[in-house]
Amino acid sequence: MRTVKRLLAGAAVAAGLTGSPAWADGPVRIALVAKSLGNGFFEAAHRGAQEAAKELGNVEIIYTGPTATTAEGQIEVINTLIAQKVDAIAISANDPDAVVPALKRARQRGITVLSWDSGVAREGRELHLSPSSSALIGQTIIKLAADELPDGGEVAVLSATSTSTNQNVWIAEMNKVLDKYPTIKVVATVYGDDLADKSYRETQGLLQTYPGLDAIIAPTSVGIVAAAQAVADAGKIGQVNVTGLGLPSEMAGAVESGASKSFAIWNPVDLGYSATYLAHQLATGKAQAKPGAEISMGRMGAAKLDENNEAAMSTPFKYDKSNIAEFKSVF
Ligand code: RAM
């Protein structure tokens, strides 16, 4: 724990001093907490975190998370990190509220806490970093589906967990613009919990319940792959288009087979890199999270915090047959 160090660093900032403090004791230990382990999206973010650590120097990344996408699992992870006296916790939360008491305990012990990707309620963190504007993500996922359905049709949503902050916000933003698509009918929302097998089964359920289904929007990198597989296995390629948010490396086969005409995502490596940079700035007292603050994210520029101490990165990028080959080896 670096409470003393942080106070000193804060004083150094206040006094206008810059550079690494000479009294630094060992590496700055930053925990990158995933919604769950084994998810390629978080593994890509971890690569970015390691890149930032190398660039910053004297930083140890502790990449961790529960085995399943539950808040309970994350609370256990947080408690372990508190016991390990890490300097910072950067978490993608399975639930915006359930992790707050554990994160508050961490903060009381001088640990810097921020959320990234999937947010924590304001009282549980210093800042939140979104990959992109939530409104833009919501608008993007419905547009991806609607653009392939010029005559309209039935669309279902396959989400991650029902408590996941980011998917819930994106779906809410999507719903706000549905009136722009009068011929598109959203018939159901189901939850695959970012588990491949559950997402596959939920997709099978959708195909059975809605035989006239035209598209599935899966705003989850795990769900979209499983949904595309279920559509292919059901012989429904060309009938049901799977779209949403996914990794080019994991979706290349689905795009080639035609199960997915297109999908979108931002760069998860950059997201992990940026979250790590922010954690480092806060934990070393080089910056403070407050509305209007501009905090360095290294090669990604600065995060400008809004009135809720939130910042957003770039726009989602669309992948389809024209560019998937180029990006599938990147992330
Ligand atoms: C899954 C997770 C993650 C989300 C991506 C798009 O990997 O739910 O939080 O940002 O999908």
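Reckoned from all heavy atoms, side chains included, excluding hydrogens, waters and symmetry mates. Numbering of ligands and ligand atoms starts at 1, following listing order.
Among protein heavy atoms, the minimum distance from atom 5 (C) of ligand 1 is reached at Ser221 N, 3.9 Å. When hydrogens are left out, the protein atom nearest atom 9 (O) of ligand 1 is Asp117 OD2, 2.6 Å; that is the closest non-hydrogen contact.
A donor and an acceptor atom, one from each side chain of Gln50 and Tyr273, are nowhere located under 3.5 Å apart. Counted by atom type alone, Asn39 and Glu43 present zero donor-acceptor pairs between their side chains at under 3.5 Å. For the residue pair Asp320 and Ser262, no side-chain donor N or O sits within less than 3.5 Å of a side-chain acceptor on the partner. There is no side-chain donor-acceptor pair under 3.5 Å between Asn323 and Lys328.
Within the structure, side-chain hydrogen bond (donor to acceptor under 3.5 Å, both in side chains) pairs that include any residue of residues 298-311 comprise Glu51-Arg299, Arg125-Glu310, Asp270-Arg299 (at least two apart or interchain).
At least one N or O atom of Asp194 sits closer than 3.5 Å to an N or O atom of ligand 1. Checking only distances, Ser118 never comes within under 3.5 Å of ligand 1, N or O to N or O. Taking only nitrogen or oxygen atoms, main chain and side chain alike, Asn166 reaches within less than 3.5 Å of ligand 1.
In this structure, Trp170 is part of the shell of residues with a heavy atom less than 4.0 angstrom from ligand 1.
If you number the atoms of ligand 1 from 1 as listed, the ones under 4.0 Å from a heavy atom of Lys35 come out as 2 (C), 3 (C), 8 (O), 9 (O).
In terms of heavy atoms, Phe331 sits closest to Ile265 at CE1-CG2, 3.8 Å.
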